[in-house]
Amino acid sequence: MQEEIITFPLDNSTFLRVLSNSFREFLESGTSRSTAKLKPLHGAIARDLAERLGSDYVVFSQGYKEGKEVKIKGRYIDKAVDITVKKREYCRCRFIG
C-alpha cells in the first residue's frame with residue numbers, strides 16, 4: 001500500500017485518502033499503541049482547519065507544523081488535546097513534548 005497524495009481543502013474523497021494513509025501507518029507500525037498512525041489523520045484535519053479558519057486562528061496538532069499537542073488546563077487535571085484551535089489574540093499555550 002503506497003502513500004496517497006493529499007490536496008487541500010479536504011473533500012470527502014480526499015479525506016478517505018487521509019484515512020488510507022493513517023491506516024497504512026498503522027499497518028507499518030505493527031502495533032495499535034503507536035501514535036504514528038494518528039499523525040497523517042490529525043495533521044490533515046489540523047491543516048484543513050487552519051486553511052479554512054484563516055490567520056485569526058492558530059491550530060496545533062501532531063503531524064502539523066510544530067507537531068505538538070497542547071495541554072489544556074482542566075478543573076482537576078490538565079489534558080493533552082489532539083487538535084486544538086485557539087483565537088490568535090488569546091493564544092497562550094503550553095506544549096507537551
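- Between K65 and V58 the shortest side-chain heavy-atom distance does not fall below 4.5 Å.
- With hydrogens and angles disregarded, no donor-acceptor distance shorter than 3.5 Å links the side chain of N21 to the backbone of E3.
- Annotation for R88 and S55: closest pair NE-O, 2.8 Å, computed over non-hydrogen atoms.
- Within the 4.5 Å cutoff, no side-chain heavy atoms of D82 are placed close to those of Q62.
- Taken from CD in E66 to OG in S61, the straight-line distance is 11.0 Å, to the nearest 0.5 Å.
- Other members of the cluster containing V59 are I6, F8, L10, F15, L16, V18, L19, L41, I45, L49, L53, Y57, Y64, I83, V85, with ILVMFWY side chains joined at under 4.5 Å, either directly or via other members.
- Shown here are the salt bridge (charged side-chain N to carboxylate O under 4.0 Å, His left out) partners of R17, two or more places apart in sequence or in another chain: there are none.
- R52 contributes no side-chain N or O that, together with a main-chain N or O of P9, makes up a donor-acceptor pair within less than 3.5 Å.
- Residues T7 and T14 approach most closely at O-CG2, 3.3 Å, considering heavy atoms.
- Within the structure, every pair that satisfies the ring-ring contact (aromatic ring centres under 6.0 Å, His included) test and touches residues 26-46, not counting sequence neighbours, is listed here: F23-F26.
- Atom CD of E69 sits about 8.0 Å away from atom OG1 of T35, to the nearest 0.5 Å.
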